Amino acid sequence: MRVVVGTRGSKLALTQTQWVIDQLRKYHPEVEFEVKIIKTKGDLIQHVSLDKIGDKGLFVREIEQQLLDKEIDIAVHSMKDMPSKLPKGLKFAAVPKREDPRDVLILKDGYKTLEDLPKGAKIGTGSKRRKYQLLKYRPDLDILSIRGNIDTRIRKIEDENLDGIVLAAAGILRAGMSEMISSYIPVDIMVPAPAQGALAIQIREADLEIEALIESIKDVETEIRVAAERAFLAGVNGGCHIPMGAYCELEGDKLKLTGLYGSENGNCLVRKCLEGGIESPIELGLEVAQFVLKEYDNYER
């Protein structure tokens, strides 16, 4: 059996894809895997901030089209890049074990934590979610917009005279660059993006053979937590234009979901935490979404 796996061409995307293939090979050594690199709109337009060139889906649409056209059999994405609704004919297969969902700081020499940074320190990020949560904690910071892959962003600390940047821990850890991390940002200061650290393995709806193949690397805890976080994303209809995050914790048979939703300019940031049962993650996600939207509407009035 030969399986063609579609992915973006960035170092991180290829590392993630290779990780998925390596996991699958443990259970299916007889399968031959081939990687196909596909350029997306998000890859081609690097000089404009994400919220100005489109919405969620910038890094996935071209790959999804090749899946629909049967040019590839599996697509591997970062789950946080995925829109809340998938195109007709496509679905997620089982979700493998998640990497650390937190955000991290990579700071220039001499600094280790947010608290170490001097007044007016320059921090780079391309995310409104990160920007406005940082400013809520440290209103004195100067947040500058940056884009690019991990290496490009790290280089900008020197090239653009930044004091540091914020990235997802998962990307740094998967790229084998953990020594670059200055510190992890606690989730009570910065709520991660919904499903940050999780991988999305996308397949065609009717492809039962491929679905069974991927079922072997399913991680139940990750699947439950991601379901709650993505239900929140769907409930608030979130995209790149607004600061929005969700983080689900699993304790025994209980789920605790924190949702974040804000205005485009960051003036209003609503945060809500609710608990629910392990058997109903989607209901919990939608409930938290309703709470934050109601509070947000009250603020807007």
Side-chain angles (χ1 to χ4, degrees), residues 12-13 15-28 74-84 86 91-104 129 167-176 178 181 184-203 210-236 238 244-260 271-289 291:
L12 177 59
T15 299
Q16 291 179 165
T17 299
Q18 193 56 54
W19 181 86
V20 169
I21 290 170
D22 290 345
Q23 299 306 304
L24 288 169
R25 276 197 180 122
K26 289 177 187 175
Y27 298 94
H28 308 282
I74 293 173
V76 177
H77 314 277
S78 291
M79 185 72 86
K80 72 183 178 71
D81 291 337
M82 302 304 291
S84 53
L86 299 188
K91 64 187 275 187
F92 290 136
V95 184
K97 189 167 177 59
R98 182 185 207 171
E99 187 47 275
D100 194 313
R102 292 174 293 176
D103 292 289
V104 295
R129 172 187 64 82
L167 291 172
I172 297 288
L173 295 172
R174 285 202 181 101
S178 58
I181 296 172
Y184 290 80
I185 305 175
V187 292
D188 58 347
I189 293 175
M190 187 173 288
V191 181
Q196 184 160 290
L199 296 179
I201 304 177
Q202 204 176 19
I203 61 172
I210 295 290
E211 187 171 10
L213 182 82
I214 296 160
E215 193 69 18
S216 60
I217 62 169
K218 173 178 178 171
D219 185 76
V220 175
E221 180 179 329
T222 296
E223 217 158 68
I224 292 167
R225 292 171 67 190
V226 163
E229 293 170 17
R230 282 186 56 80
F232 175 83
L233 169 71
V236 298
M244 181 268 308
Y247 178 66
C248 182
E249 296 166 270
L250 196 156
E251 296 162 0
D253 60 352
K254 289 283 178 202
L255 296 178
K256 188 166 89 172
L257 179 68
T258 302
L260 175 91
R271 184 178 171 136
K272 184 72 183 173
C273 183
L274 292 176
E275 290 190 357
I278 197 170
E279 70 289 341
S280 49
I282 292 170
E283 290 80 354
L284 179 62
L286 294 172
E287 188 183 359
V288 176
F291 265 97

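Just so it is clear, the structure is predicted and the values come from calculations on it, not from any experiment.
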J.: Is a side-chain donor or acceptor of R230 paired with a backbone partner of P83 at a separation under 3.5 angstrom?
T.: yes

J.: Less than 4.5 Å apart, any side-chain heavy atom of D188 and any of R271?
T.: yes

J.: Should K272 and L274 count as side-chain neighbours, where that means a heavy-atom distance under 4.5 Å?
T.: yes

J.: For R174 and Q18, does a side-chain donor sit closer than 3.5 Å to a side-chain acceptor?
T.: no

J.: Determine whether Q202 and I74 make a side-chain contact, defined as any pair of heavy atoms from C-beta on separated by less than 4.5 Å.
T.: no

J.: Working to the nearest 0.5 angstrom, can you tell me the gap between I282 CD1 and E287 CD?
T.: 14.0 Å

J.: So do M244 and L233 actually touch side chain to side chain, heavy atoms under 4.5 Å?
T.: yes

J.: Decide whether Q196 and D103 meet the rule of one side-chain donor and one side-chain acceptor closer than 3.5 Å.
T.: yes

J.: Quick one: pull up CD1 in I189 and CZ in R102 and give me the separation to the nearest 0.5 Å.
T.: 11.5 Å

J.: Quick one: closest heavy-atom pair of P192 and P101, and the distance?
T.: CB-O, 3.2 Å

J.: Between L24 and I214, which heavy-atom pair has the shortest distance, and what is it?
T.: CD2-CA, 3.9 Å

J.: Is any side-chain heavy atom of I181 closer than 4.5 Å to a side-chain heavy atom of L173?
T.: yes

J.: Quick one: are F232 and C248 in side-chain contact, heavy atoms under 4.5 Å?
T.: no

J.: Might you point out which heavy atoms bring L257 and A246 nearest each other, and give the distance in Å?
T.: CD1-CB, 4.4 Å

J.: Look at the side chain of R129 and the backbone N and O of V191, then say whether any donor-acceptor pair between them is shorter than 3.5 Å.
T.: yes

J.: Would you mind reporting whether M82 and F92 have side-chain heavy atoms less than 4.5 Å apart?
T.: yes

J.: Mind listing the side-chain donor-acceptor pairs of residues 215-224 below 3.5 Å, one per line with the distance, residues two or more places apart or on another chain?
T.:
{"residue": "S216", "atom": "OG", "partner": "H28", "partner atom": "NE2", "Å": "3.2"}
{"residue": "S216", "atom": "OG", "partner": "L213", "partner atom": "O", "Å": "2.7"}
{"residue": "K218", "atom": "NZ", "partner": "E223", "partner atom": "OE1", "Å": "3.3"}
{"residue": "D219", "atom": "OD2", "partner": "T222", "partner atom": "N", "Å": "2.9"}
{"residue": "D219", "atom": "OD2", "partner": "T222", "partner atom": "OG1", "Å": "2.7"}
{"residue": "T222", "atom": "OG1", "partner": "R98", "partner atom": "N", "Å": "3.0"}
{"residue": "E223", "atom": "OE2", "partner": "V95", "partner atom": "N", "Å": "2.9"}

J.: How about W19 and L199: do any of their side-chain heavy atoms sit closer than 4.5 Å?
T.: yes

J.: Ignoring hydrogens, what is the shortest heavy-atom contact between A198 and V226? Give both atom names and the distance.
T.: CB-CG2, 3.7 Å

J.: Atom CD in Q16, atom NE2 in H77: separation rounded to 0.5 Å?
T.: 11.0 Å

J.: If you take all heavy atoms of A195 and E229, which pair is closest and at what distance?
T.: N-OE1, 2.6 Å

J.: Between CG of L12 and OG1 of T17, what distance do you get to the nearest 0.5 Å?
T.: 9.0 Å

J.: Kindly compute the distance separating CG (L255) from CD1 (I278), expressed to the nearest 0.5 Å.
T.: 6.0 Å

J.: Any idea which heavy atoms bring I201 and A94 closest together, and the distance?
T.: CD1-O, 4.1 Å

J.: So does Y184 have more than 12 non-hydrogen atoms from other groups sitting under 6.0 Å from OH?
T.: yes

